[in-house]
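The structure under discussion appears below in the form of structure tokens.
Small disclaimer: the values here were computed from a predicted structure and weren't measured. Letters go in sequence order (proteins before strands), and every chain restarts at 1.
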There are 2 protein chains.
Amino acid sequence: MDKKKAITIKDVAKKAGVSSSTVSRVISKSPKISPETTNTVLECMEELGYHPNAIARSLVSRKAGTIGVIMPSTSKDALLNPFFPEALRGITYRASNAGYDILLSTNDSKEEELAVIKKYINSSKVDGIVLMSSEVGDICVEYLSSVDFPFTIIGSPSEHGDRINHVDNDNYMATYELTRYLTMKGRKNIAMIAGDLSLMVTKKRIEGYQKALEESNVPFDEKKVYTGSFDEKTGYEYASIIADLNPTPDGVIVTDDLVAFAAVRLFKQLKLEIPKDIAVASFNNSVLSRYSNPPLTSVDVNALALGEESIKLLIRAIEKGDRGNKIIIPHIIYKRKSTEED
Amino acid sequence: MDKKKAITIKDVAKKAGVSSSTVSRVISKSPKISPETTNTVLECMEELGYHPNAIARSLVSRKAGTIGVIMPSTSKDALLNPFFPEALRGITYRASNAGYDILLSTNDSKEEELAVIKKYINSSKVDGIVLMSSEVGDICVEYLSSVDFPFTIIGSPSEHGDRINHVDNDNYMATYELTRYLTMKGRKNIAMIAGDLSLMVTKKRIEGYQKALEESNVPFDEKKVYTGSFDEKTGYEYASIIADLNPTPDGVIVTDDLVAFAAVRLFKQLKLEIPKDIAVASFNNSVLSRYSNPPLTSVDVNALALGEESIKLLIRAIEKGDRGNKIIIPHIIYKRKSTEED
DNA sequence: CTGAAAGCGCTTACAG
DNA sequence: CTGAAAGCGCTTACAG
């Protein structure tokens with residue numbers, strides 16, 4: 001593939017009878033160019049079909065005009081719920097509005113993520129980075145902080161949070177409210193399937209759950225909090241353990257619809273009625289939760305807004321050097337039949 | 001944000017006591033550098049913490065090292081099924097293995113897509129482009145062909161397909177098989193909810209459906225093919241129309257699980273038994289199809305492979321100028337209770 | 001096997 | 001308001 005000789009700023013300059021400096025200033029909308037020259041230059045650009053070369057521009061301006069987005073591809077952060085696509089949509093939307101492109105990377109481990117981050121930064125390909133997931137003691141957060149490169153986390157950092165830009169839900173409060181709602185409905189024996197303990201969000205949610213139980217005078221029993229891997233299979237396994245408890249819990253909080261859905265299926269197999277015998281409440285408000293039988297009560301975390309705000313924060317970090325900003329996106333609890341007896 | 005003075009090839013050259021040409025050659029693994037010089041240069045790079053600047057490299061090599069991915073964000077291509085995230089995973093995986101980064105753009109219309117494509121190309125930010133969806137008479141396909149820029153479609157082009165790289169399923173055959181399978185089960189009155197007619201995939205699927213009916217001596221009736229917008233609401237509406245037909249069809253093919261799921265719910269509301277009264281078969285094999293009650297027979301299109309192969313093709317297009325290659329990814333029909341009476 | 005030089009397409013002080 | 005010149009950090013013929 002040989003590329004044909006590109007039309008450059010010089011061609012435009014020659015045609016317009018000005019210097020390339022002037023053309024450059026027209027491109028960057030510098031105010032000190034007379035309207036007339038601006039116009040002739042603009043016309044010449046049009047006629048020649050000229051387009052600025054972003055690469056050359058980056059080289060001298062030392063701005064990539066690009067934001068790196070680091071996304072997990074599997075595992076801990078169940079990729080099956082619409083969280084990531086939705087957040088990504090918010091990210092690309094805001095970024096492109098602000099004139100940034102998105103460099104996307106999906107990775108299977110934190111080590112891989114770190115390698116990509118270093119590559120992006122060292123090769124000057126990006127001006128800032130969005131981390132779409134973070135865990136306790138996250139090595140990527142650690143690294144980005146240490147080199148003071150502009151970045152934002154979707155989620156919360158486990159350490160020095162006052163110096164790290166992040167956007168998150170109030171997961172403590174969301175789970176508190178969800179649990180309180182169940183206890184208000186008279187549930188007194190509530191289990192939880194919580195996800196991977198290495199994730200900050202899991203910790204926060206367990207805290208909210210515990211707090212709500214305590215306030216409701218329902219004893220907190222850490223044995224009834226099931227953590228670890230997080231997929232359909234886990235949903236089945238934990239659900240069957242929960243069903244076997246004596247007495248059987250009358251409520252379960254599950255932190256993802258997909259897993260909740262699996263649990264519901266198992267409960268139904270065991271002839272447990274939902275919500276009569278056991279209420280089920282969940283997170284992410286995906287299609288699954290709406291269409292499940294019965295429909296699942298679920299917390300909508302507003303992934304779109306999380307994505308959008310992460311970019312707003314990042315751009316402030318890039319352009320103004322802002323650090324340590326935090327934005328909380330409101331959640332909404334959608335109450336459905338899985339917790340509401342008729 | 002002022003960036004600290006970067007460590008450049010010159011610093012390495014000085015420290016190693018060689019010219020920057022030599023350092024450059026070491027970076028690009030040019031064979032004509034002696035092992036000794038190579039080693040000392042490598043050491044110096046290590047000691048100085050040197051990393052090549054990808055931007056500068058791109059400028060002179062005229063290669064961006066980046067692939068643009070154009071993704072629809074809404075509408076016609078129901079974003080709720082895991083197709084896009086999965087395909088994206090295949091794309092990023094293959095691309096990063098081949099040393100390319102991914103520039104991602106999500107767009108709400110073909111006009112927007114075209115604008116982004118032009119921007120990517122004109123600003124030299126990408127070496128090639130993947131189109132994740134295409135419609136009949138697609139303006140992006142038209143443009144990319146006309147400028148002969150390397151690109152691949154996931155799906156099929158409506159015109160001059162012999163010159164356009166694309167990877168697709170055999171949607172004609174998949175739907176043919178699915179329909180035949182229903183007629184073999186004794187279904188004689190099969191409706192179809194097919195999706196947006198402006199998409200190539202919709203046309204192909206309708207053709208396969210028609211062919212199978214004809215071969216089964218079941219008359220094809222285009223009135224029983226429901227096209228147009230494609231979401232949960234559509235699923236409900238068309239399903240209620242279908243249920244009202246006289247006689248009521250004994251089978252329906254729906255080209256997406258989410259829509260099928262909505263249809264199933266409506267049928268159940270109307271006390272139609274599935275599959276006894278009406279069999280339902282669908283596409284995409286998402287979580288929904290597995291967890292639906294009853295589980296849905298669904299065609300798995302292997303989005304991951306579609307993504308991976310699209311990149312393989314694109315890289316050949318970029319690096320070797322290949323055009324007009326086509327790859328067919330095998331589909332798998334997962335037969336489940338929605339079409340299988342016990 | 002290695003170096004000096006030109007150049008990729010821009011921007012930006014500096015000078016006028 | 002405009003231009004000449006230097007430079008961003010690299011690669012690549014050309015020459016030796």
Check your understanding: So, for B:Ala95 and B:Ile67, which heavy atoms are closest and what is the spacing to 0.1 Å?
Key -> CB-CD1, 4.5 Å
Review point. Just how far, in rounded Å, is P of D:dT12 from CZ of B:Arg62?
Key: 12 Å
**Study point:** More than 12 heavy atoms of other groups within 6.0 Å of B:Lys15 NZ
**Key:** yes
Practice item. Of all the heavy-atom pairs spanning A:Val126 and A:Phe149, show the shortest one and how long it is. Key: O-CZ, 3.3 Å
Exercise for review: Counting Watson-Crick and G-U wobble pairs whose two distances are both under 3.5 Å, find the runs of 3 or more in a row that involve DNA chain C.
Suggested key: C:1-3 with D:14-16, C:5-12 with D:5-12, C:14-16 with D:1-3
Check your understanding: So, B:Ser158 side chain and B:Gly137 main chain: donor-acceptor pair closer than 3.5 Å or not?
Key -> yes
Point to revise | Any B:Thr92 side-chain heavy atom under 4.5 Å of B:Leu104 side chain | key: no
Check your understanding: Which whole-number value in Å describes the distance from B:Asn122 CG to C:dC10 P?
Key -> 12 Å
Review point. For atom C1', what is the distance between C:dG16 and C:dT12, given to the nearest Å?
Key: 16 Å
Study note, to complete from the structure: The answer to which of B:Ser34 and A:Ser28 contacts DNA chain C further toward the 5' end, by nearest nucleotide, is B:Ser34
Point to revise | Phosphate contact (C:dT11 OP1 or OP2) by A:Ser24 side-chain N/O below 4.0 Å | key: yes
Point to revise | Atom of B:Leu314, atom of B:Phe151 and distance for their closest heavy-atom approach | key: CD1-CA, 3.5 Å
Point to revise | Set of residues satisfying side chain to side chain donor-acceptor pair (under 3.5 Å) with respect to A:Ser34, sequence neighbours excluded | key: A:Thr37
Check your understanding: Under 4.0 Å: is that the gap between some side-chain N or O of B:Thr22 and OP1 or OP2 of C:dT2?
Key -> no
Any N/O pairs under 3.5 Å between the protein and nucleotides 13-16 of chain C? List them or say none.
residue : atom : partner : partner atom : Å
C:dA13  : N6   : A:Arg25 : NH2          : 2.6

Review point. Between residues 36-43 of chain B and DNA chain D, which residues have a heavy-atom gap below 4.0 Å?
Key: none
**Study point:** Whole angstrom value for the distance that separates C1' of C:dG3 from CD1 of B:Ile9
**Key:** 13 Å
Check your understanding: Where do A:Pro52 and A:Ile27 come nearest, in terms of heavy atoms and distance?
Key -> CG-CG2, 4.0 Å
Check your understanding: Within less than 4.0 Å of OP1 or OP2 of C:dG9, is there a side-chain N or O belonging to A:Thr8?
Key -> no
Check your understanding: Rounded to the Å, how far apart are A:Lys10 NZ and C:dT11 C1'?
Key -> 14 Å
Point to revise | Residue pairs involving residues 93-102 of chain A (criterion side chain to side chain donor-acceptor pair (under 3.5 Å); sequence neighbours excluded) | key: A:Arg94-A:Glu308, A:Tyr100-A:Glu319, A:Asp101-B:Lys119, A:Asp101-B:Lys125
**Study point:** Criterion side-chain hydrogen bond (donor to acceptor under 3.5 Å, both in side chains) against B:Arg323, the qualifying member of B:Asp162, B:Asn165, B:Asp148
**Key:** B:Asp148
Exercise for review: Could you pull out the closest heavy-atom pair between B:Lys326 and B:Ile328, with the gap in Å?
Suggested key: CE-CD1, 3.6 Å
Review point. Do B:Glu135 and B:Lys110 meet the salt-bridge criterion of a basic N to acidic O distance under 4.0 Å?
Key: no
**Study point:** A:Pro157 to A:Ile164 - nearest heavy-atom pair and separation
**Key:** CB-CD1, 3.9 Å
Exercise for review: Scan B:Val18 against the nucleic acid and name what it touches under 4.0 Å (heavy atoms): base, sugar-phosphate only, or nothing.
Suggested key: sugar-phosphate
Check your understanding: Which parts of residues 47-57 of chain B get close to DNA chain D, meaning a heavy atom less than 4.0 angstrom away?
Key -> B:Tyr50, B:His51, B:Pro52, B:Asn53, B:Ala56, B:Arg57
Review point. Tell me: CG of A:Leu59 to C1' of D:dT11, nearest whole Å?
Key: 13 Å
Review point. What's the NZ-P distance between A:Lys125 and D:dG9, to the nearest Å?
Key: 18 Å
Review point. Does the side chain of B:Ser19 come under 3.5 Å of the side chain of B:Thr22 through a donor N or O and an acceptor N or O?
Key: yes
